2 protein chains.
Amino acid sequence: MVAGLVRSAFLVDAVYADSAREYGLTQQQGQLLCVLMPQPYGMSELGATLGLAKSSLTGLVDRSERNGLVQRKPDPHDSRAVRVALTRRGAKLADEFYTETCRRIEELTAEFAPEERAALAALLARVVADNKVPSVFMEPDLPR
Amino acid sequence: MVAGLVRSAFLVDAVYADSAREYGLTQQQGQLLCVLMPQPYGMSELGATLGLAKSSLTGLVDRSERNGLVQRKPDPHDSRAVRVALTRRGAKLADEFYTETCRRIEELTAEFAPEERAALAALLARVVADNKVPSVFMEPDLPR
DNA sequence: GTAACAAATTCGCAGGACGAACTACTGCTT
DNA sequence: AAGCAGTAGTTCGTCCTGCGAATTTGTTAC
(Lines give C-alpha, C1' and ligand atoms only; values in the text may rest on other atoms or scores of the structure.)
Protein backbone atom coordinates (compact mmCIF):
# COMPACT_ATOMS: atom_id res chain seq x y z
CA MET A 1 0.00 0.00 0.00
CA VAL A 2 2.77 2.38 0.90
CA ALA A 3 4.58 1.61 -2.30
CA GLY A 4 1.38 2.16 -4.27
CA LEU A 5 0.77 5.53 -2.71
CA VAL A 6 4.33 6.70 -3.17
CA ARG A 7 4.62 5.48 -6.70
CA SER A 8 1.29 6.82 -7.82
CA ALA A 9 2.22 10.14 -6.24
CA PHE A 10 5.42 10.06 -8.20
CA LEU A 11 3.46 9.34 -11.35
CA VAL A 12 0.94 12.10 -10.81
CA ASP A 13 3.77 14.50 -10.13
CA ALA A 14 5.46 13.64 -13.36
CA VAL A 15 2.24 14.10 -15.32
CA TYR A 16 1.59 17.38 -13.60
CA ALA A 17 5.10 18.66 -14.25
CA ASP A 18 4.98 17.63 -17.90
CA SER A 19 1.68 19.29 -18.45
CA ALA A 20 2.88 22.47 -16.75
CA ARG A 21 5.98 22.53 -18.82
CA GLU A 22 3.97 22.47 -22.01
CA TYR A 23 2.11 25.54 -20.92
CA GLY A 24 5.35 27.33 -20.11
CA LEU A 25 4.85 26.89 -16.39
CA THR A 26 6.73 25.19 -13.65
CA GLN A 27 4.91 22.80 -11.41
CA GLN A 28 4.77 25.37 -8.64
CA GLN A 29 3.46 28.08 -10.87
CA GLY A 30 0.81 25.71 -12.15
CA GLN A 31 -0.14 24.86 -8.61
CA LEU A 32 -0.38 28.52 -7.75
CA LEU A 33 -2.67 29.23 -10.67
CA CYS A 34 -4.92 26.32 -9.76
CA VAL A 35 -5.22 27.44 -6.18
CA LEU A 36 -6.11 30.95 -7.27
CA MET A 37 -8.75 29.83 -9.76
CA PRO A 38 -11.70 30.04 -7.40
CA GLN A 39 -10.69 33.22 -5.61
CA PRO A 40 -7.81 35.48 -4.54
CA TYR A 41 -5.73 34.73 -1.47
CA GLY A 42 -3.41 36.57 0.87
CA MET A 43 0.24 35.59 0.94
CA SER A 44 0.02 33.88 4.29
CA GLU A 45 -3.00 31.88 3.31
CA LEU A 46 -1.22 30.81 0.18
CA GLY A 47 1.77 29.75 2.19
CA ALA A 48 -0.39 27.57 4.37
CA THR A 49 -2.25 26.09 1.42
CA LEU A 50 0.82 25.28 -0.60
CA GLY A 51 2.90 24.31 2.40
CA LEU A 52 5.56 26.92 1.71
CA ALA A 53 7.42 29.41 3.88
CA LYS A 54 6.50 33.05 3.48
CA SER A 55 9.78 33.89 1.88
CA SER A 56 9.38 31.12 -0.70
CA LEU A 57 6.07 32.56 -1.72
CA THR A 58 7.30 36.04 -2.30
CA GLY A 59 9.54 34.70 -5.03
CA LEU A 60 6.93 32.47 -6.60
CA VAL A 61 4.41 35.29 -6.76
CA ASP A 62 7.09 37.67 -8.01
CA ARG A 63 7.92 35.45 -10.92
CA SER A 64 4.30 34.79 -11.76
CA GLU A 65 3.57 38.48 -11.57
CA ARG A 66 6.50 39.22 -13.82
CA ASN A 67 5.00 36.79 -16.33
CA GLY A 68 1.70 38.60 -16.13
CA LEU A 69 -0.24 35.71 -14.64
CA VAL A 70 -1.10 37.06 -11.23
CA GLN A 71 -1.44 40.42 -9.63
CA ARG A 72 -0.94 41.80 -6.14
CA LYS A 73 -3.74 44.04 -4.94
CA PRO A 74 -3.88 45.92 -1.66
CA ASP A 75 -6.19 44.44 0.94
CA PRO A 76 -8.88 47.04 1.68
CA HIS A 77 -9.11 46.04 5.35
CA ASP A 78 -5.43 45.74 6.20
CA SER A 79 -2.83 47.91 4.62
CA ARG A 80 -0.02 45.50 5.44
CA ALA A 81 -1.68 42.70 3.53
CA VAL A 82 -2.00 41.86 -0.10
CA ARG A 83 -4.49 39.88 -2.15
CA VAL A 84 -3.04 37.80 -4.91
CA ALA A 85 -5.40 37.33 -7.84
CA LEU A 86 -5.21 35.93 -11.34
CA THR A 87 -4.93 38.40 -14.17
CA ARG A 88 -7.14 37.86 -17.17
CA ARG A 89 -4.30 36.10 -18.93
CA GLY A 90 -3.54 34.08 -15.82
CA ALA A 91 -7.15 32.97 -15.55
CA LYS A 92 -7.22 31.87 -19.14
CA LEU A 93 -4.00 29.94 -18.83
CA ALA A 94 -5.06 28.41 -15.53
CA ASP A 95 -8.22 27.21 -17.12
CA GLU A 96 -6.48 25.60 -20.05
CA PHE A 97 -3.77 24.08 -17.93
CA TYR A 98 -6.27 22.76 -15.43
CA THR A 99 -8.44 21.18 -18.07
CA GLU A 100 -5.57 19.53 -19.87
CA THR A 101 -3.99 18.29 -16.67
CA CYS A 102 -7.27 16.75 -15.56
CA ARG A 103 -7.55 15.01 -18.87
CA ARG A 104 -4.11 13.51 -18.49
CA ILE A 105 -4.64 12.42 -14.94
CA GLU A 106 -7.89 10.80 -15.93
CA GLU A 107 -6.03 8.90 -18.58
CA LEU A 108 -4.05 7.20 -15.87
CA THR A 109 -7.11 5.12 -15.13
CA ALA A 110 -8.05 4.64 -18.75
CA GLU A 111 -8.22 0.90 -18.37
CA PHE A 112 -10.39 0.99 -15.28
CA ALA A 113 -14.00 -0.08 -15.19
CA PRO A 114 -16.31 2.72 -14.06
CA GLU A 115 -16.93 1.09 -10.69
CA GLU A 116 -13.23 0.69 -10.07
CA ARG A 117 -12.71 4.33 -10.81
CA ALA A 118 -15.45 5.20 -8.40
CA ALA A 119 -13.99 2.98 -5.71
CA LEU A 120 -10.59 4.58 -6.12
CA ALA A 121 -12.09 8.03 -5.99
CA ALA A 122 -13.93 7.23 -2.79
CA LEU A 123 -10.89 5.77 -1.06
CA LEU A 124 -8.65 8.64 -2.05
CA ALA A 125 -11.26 11.10 -0.94
CA ARG A 126 -11.08 9.49 2.48
CA VAL A 127 -7.33 9.73 2.60
CA VAL A 128 -7.54 13.37 1.71
CA ALA A 129 -10.31 14.08 4.18
CA ASP A 130 -8.71 12.14 7.03
CA ASN A 131 -5.53 14.10 6.61
CA LYS A 132 -6.90 17.57 6.05
CA VAL A 133 -5.19 18.22 2.76
CA PRO A 134 -5.58 21.84 1.72
CA SER A 135 -7.49 22.54 -1.47
CA VAL A 136 -4.62 22.46 -3.85
CA PHE A 137 -6.71 21.11 -6.64
CA MET A 138 -10.34 21.90 -6.17
CA GLU A 139 -13.19 19.76 -7.24
CA PRO A 140 -14.46 21.71 -10.16
CA ASP A 141 -18.10 22.67 -10.22
CA LEU A 142 -17.43 22.83 -13.88
CA PRO A 143 -16.96 19.71 -15.91
CA ARG A 144 -16.73 20.77 -19.51
CA MET B 1 -11.15 11.08 -8.96
CA VAL B 2 -8.70 13.46 -10.52
CA ALA B 3 -8.83 15.72 -7.51
CA GLY B 4 -8.32 12.75 -5.23
CA LEU B 5 -5.26 11.60 -7.08
CA VAL B 6 -3.72 15.03 -7.26
CA ARG B 7 -4.42 15.90 -3.68
CA SER B 8 -3.24 12.59 -2.29
CA ALA B 9 -0.10 12.96 -4.38
CA PHE B 10 0.38 16.37 -2.85
CA LEU B 11 -0.08 14.89 0.58
CA VAL B 12 2.35 12.06 0.04
CA ASP B 13 4.86 14.52 -1.29
CA ALA B 14 4.60 16.66 1.77
CA VAL B 15 5.02 13.69 4.08
CA TYR B 16 7.98 12.49 2.08
CA ALA B 17 9.65 15.89 2.09
CA ASP B 18 9.10 16.33 5.82
CA SER B 19 10.52 12.98 6.60
CA ALA B 20 13.54 13.59 4.39
CA ARG B 21 14.16 16.91 6.00
CA GLU B 22 14.33 15.34 9.42
CA TYR B 23 17.05 13.06 8.21
CA GLY B 24 18.99 15.96 6.76
CA LEU B 25 18.01 15.04 3.22
CA THR B 26 16.16 16.74 0.45
CA GLN B 27 13.32 14.92 -1.20
CA GLN B 28 15.48 14.12 -4.22
CA GLN B 29 18.34 12.85 -2.16
CA GLY B 30 15.93 10.66 -0.23
CA GLN B 31 14.53 9.34 -3.47
CA LEU B 32 18.00 8.59 -4.71
CA LEU B 33 18.88 6.63 -1.61
CA CYS B 34 15.69 4.61 -1.82
CA VAL B 35 16.28 3.72 -5.43
CA LEU B 36 19.80 2.60 -4.66
CA MET B 37 18.79 0.45 -1.71
CA PRO B 38 18.39 -2.80 -3.63
CA GLN B 39 21.39 -2.37 -5.90
CA PRO B 40 23.73 0.07 -7.65
CA TYR B 41 22.74 1.80 -10.87
CA GLY B 42 24.45 3.58 -13.71
CA MET B 43 23.82 7.27 -14.18
CA SER B 44 21.66 6.80 -17.26
CA GLU B 45 19.53 4.18 -15.61
CA LEU B 46 19.08 6.47 -12.66
CA GLY B 47 18.04 9.26 -14.94
CA ALA B 48 15.39 7.10 -16.52
CA THR B 49 14.18 5.81 -13.17
CA LEU B 50 13.95 9.19 -11.54
CA GLY B 51 12.75 10.96 -14.66
CA LEU B 52 15.66 13.39 -14.68
CA ALA B 53 17.99 14.63 -17.39
CA LYS B 54 21.54 13.35 -17.27
CA SER B 55 22.91 16.69 -16.30
CA SER B 56 20.51 16.98 -13.38
CA LEU B 57 21.72 13.70 -12.07
CA THR B 58 25.36 14.57 -12.09
CA GLY B 59 24.65 17.31 -9.59
CA LEU B 60 22.42 15.21 -7.38
CA VAL B 61 24.97 12.43 -7.19
CA ASP B 62 27.75 14.97 -6.65
CA ARG B 63 26.02 16.43 -3.64
CA SER B 64 25.14 13.05 -2.20
CA GLU B 65 28.68 11.91 -2.73
CA ARG B 66 30.01 14.99 -1.03
CA ASN B 67 27.80 14.12 1.94
CA GLY B 68 29.25 10.65 2.01
CA LEU B 69 26.03 8.85 1.17
CA VAL B 70 26.82 7.39 -2.22
CA GLN B 71 29.88 6.50 -4.13
CA ARG B 72 30.82 6.33 -7.80
CA LYS B 73 32.58 3.17 -8.85
CA PRO B 74 33.95 2.39 -12.27
CA ASP B 75 31.90 -0.05 -14.31
CA PRO B 76 34.07 -3.09 -14.98
CA HIS B 77 32.56 -3.68 -18.42
CA ASP B 78 32.50 -0.14 -19.74
CA SER B 79 35.10 2.35 -18.80
CA ARG B 80 32.91 5.30 -19.72
CA ALA B 81 30.25 4.25 -17.30
CA VAL B 82 29.92 4.50 -13.59
CA ARG B 83 28.02 2.53 -10.98
CA VAL B 84 26.49 4.58 -8.24
CA ALA B 85 26.21 2.69 -4.96
CA LEU B 86 25.35 3.50 -1.38
CA THR B 87 28.18 3.89 1.07
CA ARG B 88 27.85 2.17 4.40
CA ARG B 89 26.62 5.39 5.93
CA GLY B 90 24.27 5.93 3.01
CA ALA B 91 22.82 2.47 3.38
CA LYS B 92 22.20 2.95 7.06
CA LEU B 93 20.56 6.31 6.52
CA ALA B 94 18.51 4.99 3.60
CA ASP B 95 17.26 2.22 5.75
CA GLU B 96 16.20 4.48 8.59
CA PHE B 97 14.68 7.03 6.29
CA TYR B 98 12.83 4.39 4.33
CA THR B 99 11.41 2.76 7.41
CA GLU B 100 10.28 5.98 8.96
CA THR B 101 8.78 7.26 5.75
CA CYS B 102 6.82 4.06 5.28
CA ARG B 103 5.51 4.38 8.79
CA ARG B 104 4.30 7.88 8.11
CA ILE B 105 2.71 7.02 4.82
CA GLU B 106 0.95 4.11 6.42
CA GLU B 107 -0.41 6.47 9.01
CA LEU B 108 -2.28 8.27 6.29
CA THR B 109 -4.70 5.36 6.21
CA ALA B 110 -4.77 4.93 9.96
CA GLU B 111 -8.54 5.10 10.06
CA PHE B 112 -9.05 2.58 7.31
CA ALA B 113 -10.43 -0.87 7.83
CA PRO B 114 -8.04 -3.59 6.68
CA GLU B 115 -10.13 -4.45 3.66
CA GLU B 116 -10.30 -0.83 2.60
CA ARG B 117 -6.57 -0.60 2.82
CA ALA B 118 -6.28 -3.69 0.70
CA ALA B 119 -8.71 -2.34 -1.86
CA LEU B 120 -6.76 0.89 -2.11
CA ALA B 121 -3.50 -0.96 -2.47
CA ALA B 122 -4.89 -3.09 -5.26
CA LEU B 123 -6.29 -0.14 -7.18
CA LEU B 124 -3.13 1.89 -6.87
CA ALA B 125 -1.08 -1.10 -7.91
CA ARG B 126 -3.11 -1.18 -11.09
CA VAL B 127 -2.58 2.50 -11.75
CA VAL B 128 1.12 2.01 -11.30
CA ALA B 129 1.24 -1.10 -13.44
CA ASP B 130 -0.92 0.34 -16.22
CA ASN B 131 1.36 3.32 -16.48
CA LYS B 132 4.73 1.66 -16.17
CA VAL B 133 5.98 3.66 -13.23
CA PRO B 134 9.65 3.00 -12.61
CA SER B 135 10.61 1.45 -9.30
CA VAL B 136 11.12 4.55 -7.32
CA PHE B 137 9.97 3.01 -4.13
CA MET B 138 10.33 -0.72 -4.22
CA GLU B 139 8.11 -3.17 -2.52
CA PRO B 140 10.29 -4.18 0.32
CA ASP B 141 11.06 -7.83 0.74
CA LEU B 142 11.93 -6.70 4.16
CA PRO B 143 9.23 -5.70 6.56
CA ARG B 144 10.86 -5.13 9.89
C1' DG C 1 40.24 2.22 -38.74
C1' DT C 2 36.77 5.28 -38.91
C1' DA C 3 32.16 6.75 -38.24
C1' DA C 4 28.26 6.69 -35.48
C1' DC C 5 26.67 6.24 -31.13
C1' DA C 6 26.59 6.16 -25.92
C1' DA C 7 27.94 7.50 -20.90
C1' DA C 8 29.09 11.16 -18.15
C1' DT C 9 30.53 15.79 -17.09
C1' DT C 10 30.78 20.80 -17.45
C1' DC C 11 28.80 25.24 -17.86
C1' DG C 12 25.46 28.82 -17.61
C1' DC C 13 21.06 29.87 -16.39
C1' DA C 14 16.67 30.22 -13.97
C1' DG C 15 13.59 28.55 -10.62
C1' DG C 16 12.67 26.88 -5.95
C1' DA C 17 13.01 26.69 -0.77
C1' DC C 18 14.51 28.10 3.58
C1' DG C 19 15.72 30.99 7.84
C1' DA C 20 16.98 35.31 9.77
C1' DA C 21 16.60 39.98 9.83
C1' DC C 22 13.76 43.81 8.70
C1' DT C 23 9.71 47.24 7.75
C1' DA C 24 5.28 48.62 8.28
C1' DC C 25 1.10 48.20 10.11
C1' DT C 26 -2.72 46.40 13.51
C1' DG C 27 -4.82 45.96 17.67
C1' DC C 28 -4.42 45.39 22.62
C1' DT C 29 -3.76 46.86 27.11
C1' DT C 30 -3.54 49.92 30.37
C1' DA D 1 -3.58 58.32 24.12
C1' DA D 2 0.97 55.73 24.37
C1' DG D 3 3.27 51.96 24.13
C1' DC D 4 3.99 47.32 22.84
C1' DA D 5 3.28 42.67 21.26
C1' DG D 6 2.09 40.40 17.34
C1' DT D 7 1.14 39.94 12.15
C1' DA D 8 1.80 40.54 6.85
C1' DG D 9 5.13 40.75 3.59
C1' DT D 10 9.73 41.61 1.76
C1' DT D 11 14.77 41.26 1.43
C1' DC D 12 18.99 38.90 1.61
C1' DG D 13 22.19 35.18 1.39
C1' DT D 14 22.66 30.36 0.69
C1' DC D 15 22.01 26.03 -1.14
C1' DC D 16 19.47 22.63 -4.01
C1' DT D 17 17.03 21.42 -8.49
C1' DG D 18 16.59 20.99 -13.28
C1' DC D 19 17.46 21.83 -17.97
C1' DG D 20 19.85 22.21 -22.63
C1' DA D 21 23.96 22.67 -25.23
C1' DA D 22 28.52 21.64 -25.76
C1' DT D 23 32.32 18.48 -24.61
C1' DT D 24 35.22 14.39 -23.57
C1' DT D 25 36.02 9.78 -23.58
C1' DG D 26 35.06 5.32 -24.74
C1' DT D 27 32.36 1.62 -27.39
C1' DT D 28 30.70 -0.77 -31.27
C1' DA D 29 29.44 -1.60 -35.96
C1' DC D 30 30.88 -1.65 -40.39
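The sequence lines fix the lettering, A, B, ..., with proteins before strands; numbering per chain opens at 1. Keep in mind it's a predicted model, so treat the numbers as computed, not measured.
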What is the separation between atom [atom1] on [X] and atom [atom2] on [N], rounded to the nearest whole Å?
X     : N      : atom1 : atom2 : value
A:M43 : C:dC25 : CE    : C1'   : 17 Å
B:Q29 : C:dA17 : CD    : P     : 15 Å
B:L25 : D:dC15 : CG    : P     : 18 Å
B:Q31 : D:dG18 : CD    : P     : 10 Å
B:D13 : C:dA17 : CG    : C1'   : 14 Å
A:L60 : C:dG15 : CG    : P     : 11 Å
A:L57 : C:dC18 : CG    : P     : 10 Å
B:D62 : D:dC15 : CG    : C1'   : 14 Å

OP1 or OP2 of [N] sitting under 4.0 Å from any side-chain N/O of [X]?
X     : N      : value
B:R63 : D:dC15 : no
A:R66 : C:dA14 : no
A:T58 : D:dG9  : no
B:S56 : D:dC19 : yes

Consider the side chain of B:Q28, meaning its heavy atoms from C-beta on, and name the nucleotide among C:dG15, D:dG18, C:dA7 that approaches it most closely.
D:dG18
Of the non-hydrogen atoms in A:G68 and A:T87, which two are nearest, and what is the gap between them?
O-OG1, 2.7 Å
Which pair of heavy atoms, one from B:L123 and one from A:F112, lies closest together, and at what distance?
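Taking B:L123 first and A:F112 second, the nearest heavy atoms are O-CZ, 3.6 Å.
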Taking the side chain as everything from C-beta on, heavy atoms only, tell me whether A:L69 gets closer than 4.5 Å to A:L32.
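No. Closest side-chain heavy atoms not under 4.5 Å.
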Side-chain contact test, heavy atoms from C-beta onward, threshold under 4.5 Å: evaluate it for B:R83 versus B:E45 and give yes or no.
yes
Does any residue of residues 71-88 of chain A have a heavy atom under 4.0 Å from DNA chain D, and if so, which ones, in number order?
A:R72, A:R80, A:A81, A:V82
Pairwise 5' ranking along DNA chain D for A:G59 and B:A53, keeping only the more 5' one:
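Looking at the nearest nucleotide for each, A:G59 comes out on the 5' side.
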Is a side-chain N or O of A:R63 found less than 3.5 angstrom from the main chain of A:Q29, in a donor-acceptor match?
no
Under the salt bridge (charged side-chain N to carboxylate O under 4.0 Å, His left out) rule, collect the residues that match up with B:E106, sequence neighbours excluded.
none
Basic-acidic side-chain contact under 4.0 Å: B:E100, B:R103:
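Here B:E100 pairs with B:R103 in a salt bridge, since their nearest N and O are under 4.0 Å apart.
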Any N/O donor-acceptor pair, A:S55 side-chain to C:dG19 base, under 3.5 Å
yes
